[in-house]
Amino acid sequence: MTELPVPRVRFAPSPTGYFHVGGARTALYNWCVARRGEGQFILRIEDTDRERSDAAWTEGILSALSWLGITWDEGPYFQSERRALYAAAAERLYAGGHAYACDCTREAVEARTKNNAVPGYDGFCRDRGLAFVPGHALRFKVPDEGTTVVSDLVRGEVEFQNSTIEDFVVMKSNGDPLYVLAVVVDDLDMQVTTVIRAEEHLPTTPKAVLLWGVLGEGRPLPQYAHLPVLVNERRQKLSKRRDRVAVEDYRALGYLPEAMVNYLALLGWAPADGREILSRDELVAEFRLEDVNRSPAFFDEKRLAHFNGLYIRALPTAEFVERCRPFLYGAHGLFEPTSVDEAAFARLAPLVQERVATLGEVPGLVAFLFAAPFSPDAVAFEKAVLRDESAGETLEHMAAAVERGALDAADLRAALEQIAASTGRKLGKVQAPVRVATLGAAAGLPLFESLEELGRERVLERLRAAMARIDERG
RNA sequence: GCCCCCAUCGUCCAGCGGCCCAGGACAUCGCCCUUUCAAGGCGGAAACACGGGUUCGAAUCCCGUUGGGGGUGCCA
C-alpha cells in the first residue's frame with residue numbers, strides 16, 4: 001500500500017444555534033480521520049454572517065466537543081477575524097476578470113427572471129463594467145459551458161452542468177464575504193486535504209471547485225466526502241428549531257459521552273466485523289470514509305439509550321458513583337446536597353447501576369432515601385395498600401419484626417417470607433404494600449436492601465403512617 | 001419548476017453476482033430467571049419500493065418509474 005498523505009481536516013460549524021447531534025457526528029468522523037492518519041483536526045468557526053452568529057453559540061460548540069472528547073489540534077479560527085484574506089481574494093477575482101460587480105437588487109433580479117426558463121441570476125451585470133466598490137456585490141463568472149465534477153469519497157463522481165449554475169455572489173455589497181468564498185480561501189490557506197461535511201453542502205460544492213480553480217494556483221482540490229444527513233421521525237433533516245437534538249440536552253439527561261460517541265459513529269457506518277460496541281481507539285483504528293453509507297439516518301433515542309445502558313453497566317461502581325453526583329445534587333441534581341448520604345448511595349449503587357439507562361434516572365430510584373418530604377405515589381398507594389385486603393396485616397407484621405430488631409436485608413426477607421407462607425401467597429405479592437408504604441413506588445430497587453439502608457426509624461415511621469391511612473379508610 | 005442525492009425488517013447497520021427462501025442490533029411480542037422493576041438468557045413476528053433489462057445466476061450491475069430527502073439566499 002502506498003504511503004497516504006497526512007490528512008488535514010476541518011470541522012467548520014456556524015454558531016447560529018444549539019450544537020446538534022448531526023454536527024457532532026460530522027465532527028467525530030473528521031476527528032477519526034485526523035487521528036487515524038496522524039494528521040490534524042482544525043476547528044474553524046464560520047461566522048461570516050454577522051447577523052446570525054453569536055459568541056454564546058460558539059461557547060456551546062466548544063464545550064460540547066470537549067465533553068465528547070473531540071479535541072482539536074488547531075484553532076478555533078474565526079472567519080470574522082480573517083476578513084482581510086477574503087477581501088484580497090475577492091480583489092484578485094475581480095482583477096483577473098473572474099468576477100464582476102453587480103448592483104441588482106433581489107427584486108430586480110426576480111422581476112427579470114420570472115419568465116426565464118433558467119432560474120437564478122441572469123448575468124445582467126456581466127458586461128456592465130461596474131466598479132467593485134462598497135455598495136456593489138461581487139459575482140463569480142461561471143463558465144457557460146462544460147461540466148464541473150465533484151469527486152466524492154462517499155458518493156463517487158457527481159457531475160454538474162455549468163449552465164445550471166448561476167453567477168453566484170462571493171462578496172456581499174456590505175463587504176462581507178459569502179460562505180463559499182470564505183471556505184475556499186480558508187481551506188486553501190489551512191492546507192486542508194479532506195473536506196468532510198454534511199450532504200446539504202453537496203449542491204454548493206461545484207461552486208467551490210470553480211473558485212478553487214482560479215484561486216488555487218494549481219493546487220489539487222481537497223478530497224470531498226459528503227455525509228448523509230441525520231433525519232427526524234418524519235425523515236426530514238434534523239432542525240434545531242423543530243427537533244430536540246442539542247448535544248447539551250443529552251448531556252443533561254444523563255447520557256455518557258462515550259456512549260454518545262459510539263452511537264453516533266454507527267449512524268451511517270459500521271466496522272467490517274459488525275461489532276457495535278467500539279472504544280474510541282477501535283473507532284479510530286477502523287473508521288474509513290469509504291465505508292460510510294449514502295442514505296439518511298434516523299437518530300433513534302431508544303437505541304442511544306440502550307447503548308448508554310450498556311456503558312453505564314460497564315462502569316466500575318466507584319466511577320458510576322462519581323458520575324452520578326451531578327445528577328443527585330449537582331448541576332442537574334434533584335436533591336439538597338445536605339440530604340444526600342453519600343455512603344448510603346455508594347452501597348446501593350450496584351443495584352442502581354443495573355437498572356438505569358441514563359444517569360438522569362438515578363435520582364428517581366433513590367428518592368425514597370433523599371427526597372425531603374416522603375410522599376408515596378398516590379396511584380400505587382391506592383392500589384397496593386388501600387385496596388389490598390391483607391395489606392394492613394402485612395404492614396403490622398413487618399413493623400413488629402422491625403421493632404423486634406430485624407434490621408438487615410436477610411432478617412427483613414425472612415420476616416416477609418413468614419407472612420407469605422402463612423397466607424399462601426408469593427413473596428412478590430406480599431412485598432407490594434410494604435414497598436409502596438416505605439419506598440413510595442410500585443417499582444424500584446430491591447426491597448430489603450433498600451429498607452436496610454433506610455434504617456429502622458424511618459421504616460417504622462413510614463409503615464405506621466401507612467397503617468394509619470388504612471385505618472382512616474375504615 | 002430546475003439541479004443534486006438516496007432507496008434492505010418500524011429503526012440503525014451487514015450484504016459489494018452464486019455462501020441469502022437475506023444476517024446482527026434497537027424497538028416489539030412470548031417464555032425462562034426473579035422480592036417489584038430492570039438486567040440477563042431463549043424464542044417469535046418483521047425487509048431487498050416497482051417495472052424492464054444484462055447474466056447460466058441478481059438485494060447486489062444498467063435503464064426507467066415511483067417515493068423520500070437536500071439545494072435552489074447579498075444563510076451556513
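Chain letters run A, B, ... following the sequence lines, proteins first and then strands; every chain starts at 1.
The pair A/Glu199-A/Lys237 does not meet the salt-bridge criterion, since no charged nitrogen lies less than 4.0 angstrom from a carboxylate oxygen.
The side-chain hydrogen bond (donor to acceptor under 3.5 Å, both in side chains) test applied to A/Glu51 returns no partner, not counting sequence neighbours. Judged as a salt bridge (charged side-chain N to carboxylate O under 4.0 Å, His left out), and not counting sequence neighbours, the contacts of A/Glu319 are A/Arg323. By the salt bridge (charged side-chain N to carboxylate O under 4.0 Å, His left out) test, A/Arg458 pairs with no residue at all, sequence neighbours left out. Residues satisfying the salt bridge (charged side-chain N to carboxylate O under 4.0 Å, His left out) test with A/Arg303, not counting sequence neighbours, are A/Glu276.
Partner A/Asp47 forms a side chain to side chain donor-acceptor pair (under 3.5 Å) with one of A/Ser53, A/Ser14, A/Ser80 and no other, that one being A/Ser80.
Interface residues of residues 15-26 of chain A facing RNA chain B, ordered by number: none; criterion, heavy-atom separation under 4.0 Å. The stretch residues 413-421 of chain A comes close to RNA chain B through A/Arg413, each having a heavy atom under 4.0 Å from the strand. A heavy atom closer than 4.0 Å to some atom of RNA chain B occurs in A/Arg139, these being the qualifying members of residues 138-151 of chain A.
A donor-acceptor contact under 3.5 Å is formed by the side chain of A/Arg303 with the base of B/rA25. No N or O donor and acceptor, one from the side chain of A/Arg106 and one from the base of B/rC74, sit under 3.5 Å apart. At a cut-off of 3.5 angstrom, counting only N and O atoms as typed in the model, there is no donor on one side facing an acceptor on the other between the side-chain of A/Thr164 and the base of B/rC2.
Residue A/Arg235 is classed as a sugar-phosphate contact, given heavy-atom separations below 4.0 Å to backbone atoms only. Among the protein residues, A/His201 comes within range of the nucleic acid bases, having at least one heavy atom under 4.0 Å from a base atom. Within 4.0 Å (heavy atoms only), A/Leu178 reaches sugar-phosphate atoms of the nucleic acid but no base atom. Across all strands, A/Gly309 comes closer than 4.0 Å to no nucleic acid atom at all (heavy-atom distances). As judged by a 4.0 angstrom heavy-atom cut-off over every strand, A/Glu46 is placed among residues touching the sugar-phosphate backbone only. Here A/Gly428 lies in heavy-atom contact (under 4.0 Å) with sugar-phosphate atoms only. Among the protein residues, A/Asp47 comes within range of no part of the nucleic acid, since none of its heavy atoms lies under 4.0 Å from any strand. Using a 4.0 Å heavy-atom distance criterion, A/Phe448 is classed as a base contact. Within the nucleic acid shown, A/Thr48 comes within 4.0 Å of sugar-phosphate atoms alone, with no base atom in reach, counting heavy atoms only. Using a 4.0 Å heavy-atom cutoff across all strands shown, A/Glu449 reaches at least one base atom of the nucleic acid. Within 4.0 Å of A/Ala432, counting heavy atoms only, lies no atom of the nucleic acid at all.
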Distances for protein N/O vs nucleotides 4-8 of chain B N/O pairs under 3.5 angstrom?
unit_1: B/rC5; atom_1: O2'; unit_2: A/Arg155; atom_2: NH1; d: 2.5
unit_1: B/rC5; atom_1: O2'; unit_2: A/Glu199; atom_2: OE2; d: 2.8

Provide a list of protein-nucleic acid N or O atom pairs under 3.5 angstrom, restricted to nucleotides 46-51 of chain B.
none

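Between the side chains of A/Tyr77 and A/Asp186, no donor-acceptor pair is found at a separation under 3.5 Å.
Comparing B/rC3 with B/rA14, their P atoms sit 31 Å apart, to the nearest whole Å. Using P as the reference atom, B/rG73 and B/rC12 are 30 Å apart when rounded to the nearest Å. With C1' as the reference atom, B/rC75 and B/rC16 are 39 Å apart, rounded to whole Å. Nucleotides B/rC50 and B/rG10 have their P atoms positioned 13 Å apart, rounded to a whole Å. Going from the P atom of B/rA49 to that of B/rC26 covers 24 Å, rounded to whole Å. Using C1' as the reference atom, B/rU8 and B/rU60 are 11 Å apart when rounded to the nearest Å. Rounded to whole Å, the separation between the P atoms of B/rA39 and B/rA22 comes to 29 Å. Nucleotides B/rC48 and B/rA58 are separated by 11 Å at their C1' atoms, to the nearest Å.
Here the side chain of A/Tyr100 pairs no donor or acceptor atom with the backbone of A/Leu138 at under 3.5 angstrom.
Here B/rG24 is the nucleotide among B/rG69, B/rA39, B/rG24 with the atom lying nearest to any side-chain atom of A/Glu276. Residue A/Lys302 places its side chain closer to B/rC26 than to any other of B/rA14, B/rC26, B/rA76. When each of B/rC12, B/rC37, B/rC75 is scored by its nearest atom to the side-chain atoms of A/Ala297, the top-ranked nucleotide is B/rC12.
A cation-pi geometry, defined here as NZ or CZ lying under 6.0 Å from the six-membered ring centre and within 45° of its normal, does not hold between A/Arg44 and A/Phe11.
Among residues at least two apart or in separate chains, side-chain hydrogen bond (donor to acceptor under 3.5 Å, both in side chains) pairs with a member in residues 149-161 of chain A are A/Ser151-A/Glu157, A/Asp152-A/His226. Legend: side-chain hydrogen bond (donor to acceptor under 3.5 Å, both in side chains) pairs involving residues 406-423 of chain A, not counting sequence neighbours, sorted by first then second residue: A/His397-A/Gln418, A/Arg413-A/Glu417. Sorted by first and then second residue, the side-chain hydrogen bond (donor to acceptor under 3.5 Å, both in side chains) pairs involving residues 381-395 of chain A (not counting sequence neighbours) are A/Glu382-A/Arg473, A/Asp388-A/Ser390, A/Ser390-A/Arg425.
Judged by closest nucleotide on RNA chain B, A/Pro271 is the one of A/Pro271 and A/Leu310 placed further toward the 5' end. Residues A/Arg355 and A/Leu304 both approach RNA chain B. Their nearest nucleotides, taken by heavy-atom distance, put A/Leu304 toward the 5′ side.
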